[in-house]
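Shown below is the structure under consideration.
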Amino acid sequence: QVQLVESGGGLVQAGGSLRLSCAASGRTFSSYTMGWFRQAPGKEREFVAAISKSGGSTYYADSVKGRFAISRDNAKNTLYLQMNSLKPEDTAVYYCAARSLSLLVSYDKGYNYWGQGTQVTVSS
């Protein structure tokens, strides 16, 4: 098992940047494919980005491509999401998630472990 704790959320103006972190503990972090999801009020949880176990492959939702960057530091057991050019529609609770299989997937049921989430609010 792996335990996940997100941090780095907050309030930012449109056009600004934030970096989210997800600290992992428990089983070896590098044995998990990782992802970021988000959920806005009244909406379903949606995929943001995923990264392979080594960090060599990434996969993004069209809505964030070119603005967000997912990365990981396996030595520090930490996943990151750098968010630039933020828009009010990026406002949501952001979750990190882990899966044991190697394939990068965008559906939330493909992930076995989840953090508690961190709130990101983008003001216009």
Would you name the heavy atoms of Leu20 and Gly9 that are closest together and state the gap between them?
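Minimum heavy-atom contact is CD2-N, 3.6 Å.
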Can you tell me if Thr91 uses its side chain to pair, donor with acceptor, with the backbone of Thr121 under 3.5 Å?
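Checked: no pair found.
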Should we say atom CD of Gln13 is surrounded by more than 12 heavy atoms from elsewhere, each under 6.0 Å from it?
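Counting neighbours around CD of Gln13, 12 or fewer heavy atoms of other residues, nucleotides or ligands fall under 6.0 Å, so no.
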Can you tell me how far apart CZ (Phe29) and SG (Cys22) are? Round to the nearest 0.5 Å.
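These two atoms lie 6.5 Å from each other.
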Please tell me whether Trp114 and Val93 are part of a single hydrophobic cluster in this structure, the criterion being side-chain heavy atoms less than 4.5 Å apart.
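Yes, because Trp114 and Val93 connect within a single hydrophobic cluster, where side-chain heavy atoms sit under 4.5 Å apart.
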Would you kindly confirm whether Tyr59 and Phe37 end up in one hydrophobic cluster when ILVMFWY residues are joined by side chain heavy atoms under 4.5 Å apart?
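Cluster IDs for Tyr59 and Phe37 match.
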Does Arg72 count as lying over the ring of Tyr80, i.e. NZ or CZ under 6.0 Å from the six-ring centre, within 45 degrees of the axis?
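Verdict for Tyr80: no cation-pi partner in Arg72.
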Go through Gln1 and Tyr113 one step at a time and tell me if the side chain to side chain contact (heavy atoms under 4.5 Å, CB included) criterion holds.
CA-CA 8 Å; Gln1 273 197 338; Tyr113 305 100; 3.7 Å; yes
With heavy-atom distances below 4.5 Å as the criterion, would you say the side chains of Leu104 and Ile51 are in contact?
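The answer is no; the side chains never approach within 4.5 Å.
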Pair Thr78-Asp73, side-chain donor/acceptor within less than 3.5 Å
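Distance-only check fails for Thr78 and Asp73.
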Is it true that a side-chain atom of Ser54 and a backbone atom of Gly56 form a donor plus acceptor pair closer than 3.5 Å?
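Present.
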Please report the interatomic distance SG(Cys96) to CG(Leu79), rounded to the nearest 0.5 Å.
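One gets 6.0 Å once the value is rounded to the nearest 0.5 Å.
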Using every non-hydrogen atom in the two residues, find where Thr118 and Gly8 come nearest and quote the distance to one decimal.
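Closest approach of Thr118 to Gly8: OG1-N, 4.3 Å.
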Less than 4.5 Å apart, side chain to side chain, heavy atoms only: is that true for Met34 and Arg99?
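No, side chains not in contact.
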Would Tyr111 and Val105 count as a side chain to side chain contact (heavy atoms under 4.5 Å, CB included) if you check the C-alpha gap in whole Å, the side-chain angles of each, and the deciding distance to 0.1 Å?
CA-CA 9 Å; Tyr111 292 79; Val105 298; 3.6 Å; yes
Contact summary for Asn74 and Asn77, nearest pair of heavy atoms
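Closest heavy-atom pair between Asn74 and Asn77: O-OD1, 3.2 Å.
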Take Val48 and Leu81, measure what side chain to side chain contact (heavy atoms under 4.5 Å, CB included) needs, and give me the verdict at the end.
CA-CA 9 Å; Val48 175; Leu81 184 69; 4.1 Å; yes
Rounded to the nearest 0.5 Å, what separates atom OG in Ser52 from atom CG in Leu103?
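Between Ser52 OG and Leu103 CG, I get 11.0 Å after rounding to 0.5 Å.
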Does Gln3 reach the side chain of Ser25, with side-chain heavy atoms less than 4.5 Å apart?
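They are in side-chain contact.
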Aromatic centroids of Phe47 and Tyr60 separated by under 6.0 Å
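Centroid separation for Tyr60 and Phe47: 6.0 Å or greater.
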With heavy-atom distances below 4.5 Å as the criterion, would you say the side chains of Val5 and Gln116 are in contact?
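In contact.
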Among Glu46, Glu6, Glu89, which one satisfies salt bridge (charged side-chain N to carboxylate O under 4.0 Å, His left out) with Arg38?
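Filter result, single survivor: Glu46.
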Salt bridge or not between Lys65 and Asp62? Use side-chain N to carboxylate O under 4.0 Å.
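Here Lys65 pairs with Asp62 in a salt bridge, since their nearest N and O are under 4.0 Å apart.
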Side-chain touch Thr33/Leu101, heavy atoms, less than 4.5 angstrom:
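A side-chain contact under 4.5 Å is absent here.
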Compare every heavy atom of Ala14 with every heavy atom of Ser124, then report the nearest pair and how far apart it is.
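Shortest heavy-atom separation between Ser124 and Ala14 comes out as CA-CB, 4.3 Å.
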Considering non-hydrogen atoms only, spot the tightest contact between Ala98 and Val2 and give its length.
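What the structure gives for the nearest pair is CB-CG1, 4.0 Å.
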Is any side-chain heavy atom of Tyr95 closer than 4.5 Å to a side-chain heavy atom of Asp108?
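Tyr95 vs Asp108: side chains apart.
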Under 4.5 Å between any side-chain heavy atoms of Val120 and Leu18, yes or no?
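Of all side-chain heavy-atom pairs linking Leu18 with Val120, at least one is under 4.5 Å.
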Do the non-hydrogen side-chain atoms of Ser100 and Asn112 ever get within less than 4.5 Å of each other?
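Yes, close enough: below the 4.5 Å cut-off.
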Measuring from atom NZ of Lys53 to atom OG of Ser31, what distance do you get when rounded to the nearest 0.5 angstrom?
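Here the interatomic distance stands at 6.5 Å.
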Step through it carefully: locate the ring centre of Trp36, locate the ring centre of Phe68, and say whether they are under 6.0 Å apart.
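For Trp36 and Phe68, the ring centres are not under 6.0 Å apart.
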Going through the checks in order, is the side chain to side chain contact (heavy atoms under 4.5 Å, CB included) test met by Asp90 and Arg67?
CA-CA 11 Å; Asp90 294 318; Arg67 299 189 298 122; 2.7 Å; yes
Could you tell me the separation between the CD atom of Glu44 and the CD atom of Gln39, rounded to the nearest 0.5 Å?
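So the gap between those two atoms works out to 8.5 Å.
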